[in-house]
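Shown next, in structure tokens, is the structure this report addresses.
Every chain is numbered from 1, with letters handed out A, B, ... down the list of sequences.
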Protein chains: 2
Amino acid sequence: MPTPPDPDPFHDHDHDACSGAVLEHALTRLEAEGARLTPVRRRTLEILLESHRAMGAYDVLQRLSAEGFGSQPPVAYRALEFLVNHGLVHRVQRLNAYAACLSPQKDHSPVFLICRGCDKVAETGSSDLRAAIGGLATSNRFTVERTTVEILGLCSQCVAAGAEARA
Amino acid sequence: MPTPPDPDPFHDHDHDACSGAVLEHALTRLEAEGARLTPVRRRTLEILLESHRAMGAYDVLQRLSAEGFGSQPPVAYRALEFLVNHGLVHRVQRLNAYAACLSPQKDHSPVFLICRGCDKVAETGSSDLRAAIGGLATSNRFTVERTTVEILGLCSQCVAAGAEARA
DNA sequence: TGGCATAATGTTATATCATCACAATTAACT
DNA sequence: AGTTAATTGTGATGATATAACATTATGCCA
Ligand SMILES: [Zn+2]
Ligand SMILES: [Zn+2]
Ligand SMILES: [Zn+2]
Ligand SMILES: [Zn+2]
């Protein structure tokens, strides 16, 4: 009975373990980098880890504010910026939103699967895809610094549940 | 003496021919679809075609307004939406901006190379990349509807001109 | 321990990007 | 011409993001 290779957010998994491991990892990494996971920052990460959905900055802010932190936009944006800069959170361009990074690997280029049925977001990766981007860059003599790859569609559960097609 | 395979926006090319051909193609396609390229819409496309840069909606609006069209945001957003819906313009997520589509092919999934040195944007494509995304979707049992692939970095000219690296 | 420099937080105000709602106009079709 | 649907225009508002600056907490060293 093989265990799944990755915690697939789209399907049932032990989410406490899933998010707990990520948080653990974050602590270790920041320690090594000499960066401080202050209360706001930690809480922000925890909030994002609660679900496999991307959250807007103002949604995060509302949560933080309700817990006694500052209530103005920079509070959320600064915490998010810190976490993004340290690779613990990714920005999902298509949603103007932020999602906790689930990969233990540092400095990776995430690929997002975004389900428009259930709004969940899965972070994956693909060496084939990286290679294809590398090839494209080479043939265009382009120096790659960052990549955004976001795939919008429906997860299998939403298809099974009868989510209607849309172009 | 072979002609270049694609007009590479990052390098010298006959841009009048480049943009003229695209506009021509747009007229034909819309005609076929029974859609109307009204003055605002046509002008919007022409403005985007003037350069190989992505423009924000408000930049487009300013141009339109100066030419006697309406001066309120919906004027620009509606024209852009129309053009995006008909595949004549793409939205560049990373820049919150819009770029004219340079591909004669309908319903394609563009890949953008975005140079942070000169702000030019090149639209390309790659069957390898499409295949990689297809594979990723299959192995995640995910139904793809739309994809966003944007590569941020430096074009060869900007590298040659000594644009500094940035992580 | 006190003093200093730096980082982090909080707040006000403002910038930027995008859509709603509704009236006026124009085009298409009978 | 009369009816309908599409298009355009405008004012108002919503949503996302940053600037500027005062205040507080932290780390370091004399
Ligand atoms: Zn990640
Ligand atoms: Zn789903
Ligand atoms: Zn050109
Ligand atoms: Zn360049």
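- Closest to the A:F69 side chain, of the nucleotides C:dG10, C:dA8, D:dT16, is C:dG10.
- Distance CG (B:L30) to P (D:dA6): 17 Å, rounded to an integer number of Å.
- Atoms CG and CZ, on A:L48 and A:R63 in that order, are 9.5 Å from each other to the nearest 0.5 Å.
- The side chain of A:T38 contributes an N or O atom lying less than 4.0 Å from OP1 or OP2 of C:dT9.
- Note: OH (A:Y77) to P (D:dA20) measures 18 Å, nearest angstrom.
- For B:V75, counting side-chain heavy atoms from C-beta on, the closest listed nucleotide (D:dT18, C:dA18, D:dG9) is D:dG9.
- Using a 30° and 60° split on the angle between ring planes, A:H13 and A:H15 fall in the perpendicular class, above 60°.
- Looking at the side chain of A:A57, the nearest of the listed nucleotides D:dA17, C:dT11, D:dT10 is D:dA17.
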Could you check A:R78 against A:E81 for salt bridge (Lys or Arg N to Asp or Glu O under 4.0 Å), going step by step and ending with a plain yes or no?
CA-CA 5 Å; A:R78 282 196 289 235; A:E81 184 187 35; over 6 Å; no
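- Note on B:R78: every side-chain N or O is 4.0 Å or more away from OP1 and OP2 of D:dG9.
- Note: CD (B:Q93) to P (C:dC17) measures 14 Å, nearest angstrom.
- Backbone-only engagement by A:R36 is indicated by non-hydrogen atom pairs under 4.0 Å involving sugar-phosphate atoms exclusively.
- The side-chain heavy atoms of A:I47 and A:M55, taken from C-beta on, include a pair separated by under 4.5 Å.
- Distances shown here put a side-chain N or O of A:R91 below 4.0 Å from the OP1 or OP2 atom of D:dA17.
- Residue-environment remark: CD (B:E33) exceeds the threshold of 12 foreign heavy atoms within 6.0 Å.
- With hydrogens and angles ignored, a donor-acceptor pair closer than 3.5 Å exists between the side chain of B:Y58 and the base of C:dA18.
- Nearest nucleotide to the A:V40 side chain, out of D:dG11, C:dA13, C:dT9: C:dT9.
- Residue B:Q72 places at least one side-chain N or O under 4.0 Å from the OP1 or OP2 atom of D:dG11.
- Heavy-atom nearest nucleotides on DNA chain D were determined for A:N96 and for B:F82, and the one closer to the 5' end corresponds to B:F82.
- Taking the side chain of B:P74 as heavy atoms from C-beta on, and the options C:dT19, C:dA8, D:dA17, the nearest nucleotide is C:dT19.
- Per the geometry, CD belonging to B:Q62 stands 16 Å off P belonging to C:dA18, to the nearest Å.
- Counting to the nearest Å, the P atom of D:dT7 and the CG atom of B:L83 are 12 Å from each other.
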